[in-house]
Amino acid sequence: MVNNDDVARTLQRIGDLLEIREENAFKVRAYKLAATQVENLGESLTDIAAREEGLLGVAGFGPAIAEKVAELLRTGRLDYLEKLEAEVPPTLLSIRELPGVGPRTAALIWHEAGITTIEELDAAARSGGLDGLPRLGARSIERIVTALDARKERGAHRRRPRAEVAPLATVLRDAVRDIPSVIAAEVAGSFRRSREMLGDIDIVAATSQPVRVLTAFAALPQVERVLLRGDTKCSIEAAQGFQVDCRAVAGDQFGAALQYFTGSQAHNVRLRGRAVRMGLLLNEYGVFRTDGGERIAGESEHGVYEVLGLRWIPPERREDRGEIDAAVIRSVGEAIDHPVGSEV
DNA sequence: TTAGTATT
DNA sequence: CATAATACTAAA
């Protein structure tokens with residue numbers, strides 16, 4: 001019996017394999033978007049397939065994907081995926097999962113060094129087998145070796161249950177609040193959205209001295225390894241290789257940064273799309289008018305949603321399941337300026 | 001400066 | 001035609 005999660009994983013897998021094959025980016029995006037839509041679906045695909053409208057009624061599904069999902073539900077197999085896996089070795093997906101290795105690097109390692117498995121990569125990286133590849137210098141190879149070591153320590157799995165990492169999240173948030181010049185700090189990301197499985201922890205800090213705060217963050221006792229540190233953000237690994245990101249912003253940008261860092265990605269993309277249609281630009285620093293660049297929100301998260309004509313949306317609901325449409329404020333003035341439906 | 005990867 | 005925007009690092 002094929003369930004929604006199986007379908008979502010399969011669609012994601014197709015997207016990843018197509019990406020390594022350097023397939024048309026819009027096709028790749030279509031498969032990944034369809035995977036996300038299935039993840040967020042409240043109803044069984046098997047039930048949907050049995051109805052009149054069928055799978056074409058699912059958001060993100062066109063004829064090609066609908067037909068493939070139908071085959072998967074019916075037979076438990078997918079001919080297209082099997083052919084694709086015969087062409088692009090699926091073991092490359094594990095290589096692609098290493099931090100710092102994306103689809104282009106995975107394809108390069110495959111084509112130029114003939115490597116398809118983690119084991120082959122490990123041997124080659126340590127014995128000079130990757131030397132001389134274009135766009136892959138000594139530092140990149142060293143980073144791959146480090147990533148392989150980390151993978152051996154903690155295994156392939158990345159996500160952890162909320163209860164397991166919640167203490168770390170609050171301890172680090174409080175530690176950031178104690179750094180001099182920090183005005184406010186909150187845990188954002190999937191933690192703030194109350195998700196059960198967490199891939200990392202995201203902390204937003206308001207300060208007038210971002211570099212100082214990020215330097216202090218990188219020096220906290222819970223930090224085992226600094227992955228990167230710039231002027232606005234710092235990524236570290238805590239115990240068991242669990243990643244924690246800290247973003248430092250000015251006090252009047254805190255609301256926009258909290259909104260951005262809370263996500264979800266799909267929610268942010270939809271929100272920014274709405275902003276564009278309203279002649280606005282939304283980023284992690286605020287909301288700006290497209291003409292003139294005047295900033296009209298950013299200090300508070302409520303303000304960000306407000307200038308976009310929306311009620312504030314609780315973090316748990318920011319998953320692109322229709323919450324933005326449901327939050328639209330249709331005042332008289334707005335109804336004249338933007339008649340219902342005109343912004344969609 | 002650009003390509004690749006990463007983040008929500 | 002195709003849903004946004006920005007940061008960091010290494011390589012060229």
Side-chain angles (χ1 to χ4, degrees), chain A residues 16 19-20 22-34 36-37 59-60 62 64-65 95-109 130-144 146-147 158 186-193 195 198-204 210-211 214 218 226-236 243-249 253 255-278 280-288 290 298 301 304 308 315 318-320 324 343-344:
Chain A
D16 286 338
E19 202 171 25
I20 294 176
E22 305 191 38
E23 182 63 74
N24 180 307
F26 291 108
K27 186 189 277 192
V28 172
R29 186 192 290 170
Y31 277 95
K32 295 192 173 188
L33 173 67
T36 307
Q37 293 291 345
I65 289 179
I95 291 176
R96 210 231 103 131
E97 277 173 16
L98 296 170
V101 178
R104 311 301 290 258
T105 306
L108 177 81
I109 288 169
L130 296 180
D131 294 357
L133 293 187
R135 302 209 64 86
L136 202 69
R139 296 195 68 158
S140 296
I141 293 170
E142 190 186 319
R143 219 173 30 164
I144 287 173
T146 306
R158 275 184 62 249
E186 289 291 348
V187 182
S190 48
F191 184 92
R192 184 162 177 245
R193 299 202 313 279
R195 302 291 298 197
L198 307 176
D200 62 8
I201 292 170
D202 309 292
I203 296 171
V204 184
V211 175
L214 294 178
V226 178
L227 298 171
L228 60 87
R229 184 171 82 231
D231 292 349
T232 64
K233 73 176 179 188
C234 175
S235 295
I236 63 101
Q243 186 170 330
V244 183
D245 301 326
C246 184
R247 180 101 179 195
V249 299
Q253 301 168 340
L258 191 59
Q259 192 289 314
Y260 153 76
F261 231 163
T262 297
S264 67
Q265 178 189 58
H267 176 86
N268 285 0
V269 169
R270 194 165 288 277
L271 205 59
R272 288 174 175 197
R274 178 181 172 85
V276 168
R277 286 188 294 278
M278 294 174 75
L280 301 171
L281 169 73
L282 169 64
N283 59 29
E284 57 267 54
Y285 303 114
V287 184
F288 305 82
T290 308
E301 197 179 54
V304 170
L308 294 172
R318 302 183 194 173
E319 303 288 353
D320 189 24
I324 290 178
E343 71 280 274
V344 179

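Residue numbers start from 1 in every chain, and the chains themselves are labelled A, B, ... in the order their sequence lines are given, proteins ahead of strands.
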Boundaries of the DNA chain B segment in contact with chain A, non-hydrogen, under 4.0 Å:
dA3(B) to dT8(B)
Over all strands shown, is E142(A) touching base, sugar-phosphate only, or nothing at heavy-atom distances under 4.0 angstrom?
nothing
Which nucleotide in the set dA7(C), dA4(C), dA2(C) lies at the smallest distance from any side-chain heavy atom of V276(A)?
dA4(C)
Residue pair V244(A), D200(A): steps toward the side chain to side chain contact (heavy atoms under 4.5 Å, CB included) verdict:
CA-CA 6 Å; V244(A) 183; D200(A) 62 8; over 6 Å; no
From dA2(C), dA10(C), dT6(C), pick the nucleotide closest to the side chain of N283(A)?
dT6(C)
Check whether more than 12 heavy atoms from other residues, nucleotides or ligands sit under 6.0 Å from atom CZ of R195(A), and answer yes or no.
no
Find the distance L280(A):CG to dA5(C):C1' and express it as a whole number of Å.
15 Å
Within the structure shown, what part of the strands sits under 4.0 Å from Q259(A) by heavy-atom distance: base, sugar-phosphate, or nothing?
nothing
Could you check Q259(A) against N268(A) for side chain to side chain donor-acceptor pair (under 3.5 Å), going step by step and ending with a plain yes or no?
CA-CA 8 Å; Q259(A) 192 289 314; N268(A) 285 0; 3.1 Å; yes
Passes side chain to side chain contact (heavy atoms under 4.5 Å, CB included), R247(A) versus E284(A)? Steps please.
CA-CA 10 Å; R247(A) 180 101 179 195; E284(A) 57 267 54; 2.8 Å; yes
Between R96(A) and D16(A), what is the shortest heavy-atom contact and its length?
NH1-OD1, 4.1 Å
Roughly, in whole Å, what's the span from CZ in R139(A) to P in dC8(C)?
16 Å
I'd like to know whether R104(A) forms a salt bridge (charged side-chain N to carboxylate O under 4.0 Å, His left out) with E19(A), so could you lay out the CA-CA distance, the side-chain angles of the two residues, the decisive distance to 0.1 Å, and finally the verdict.
CA-CA 8 Å; R104(A) 311 301 290 258; E19(A) 202 171 25; over 6 Å; no
Pair R192(A) + E301(A), salt bridge at N-O below 4.0 Å:
yes
Whichever of R135(A) and L281(A) has its nearest DNA chain C nucleotide further upstream toward 5':
L281(A)
What nucleotide, of dA7(C), dA2(C), dA5(C), holds the atom closest to the side chain of R247(A)?
dA7(C)
Measure from the side chain of T232(A), starting at C-beta and using heavy atoms only, and say which of dA4(C), dA11(C), dC8(C) lies closest.
dC8(C)
Answer with base, sugar-phosphate or nothing: what part of the nucleic acid does L98(A) contact at a heavy-atom distance below 4.0 Å?
sugar-phosphate
How close or far is atom C1' of dA10(C) from atom CG of L228(A), stated in whole angstroms?
13 Å
d(CZ, R143(A); C1', dT9(C)) in whole Å
7 Å
Between T262(A) (side chain) and A188(A) (backbone), is there a donor-acceptor pair under 3.5 Å?
no
Distance, rounded to the nearest Å, where D231(A) contributes CG and dA7(C) contributes P:
10 Å
Can you see if the side chain of S235(A) gets near the phosphate of dC8(C) - specifically, an N or O under 4.0 Å from OP1 or OP2?
no
Protein-nucleotide distance (R274(A), atom CZ; dA4(C), atom C1'), rounded to Å
15 Å
What contact category does T105(A) fall into here, base, sugar-phosphate, or nothing, at under 4.0 angstrom with non-hydrogen atoms?
sugar-phosphate
How many Å lie between NZ on K233(A) and C1' on dA7(C), as a whole number?
5 Å
Short side-chain N/O contact to dA7(C) OP1/OP2 from Y285(A), under 4.0 Å:
yes
So F261(A), base contact, sugar-phosphate only, or nothing? Heavy-atom distance under 4.0 Å.
sugar-phosphate
Can you work out whether Q37(A) or A138(A) has the more 5'-proximal nearest nucleotide on DNA chain C?
Q37(A)
Whole angstroms only, please: what is the CG-C1' distance between L33(A) and dA4(C)?
14 Å
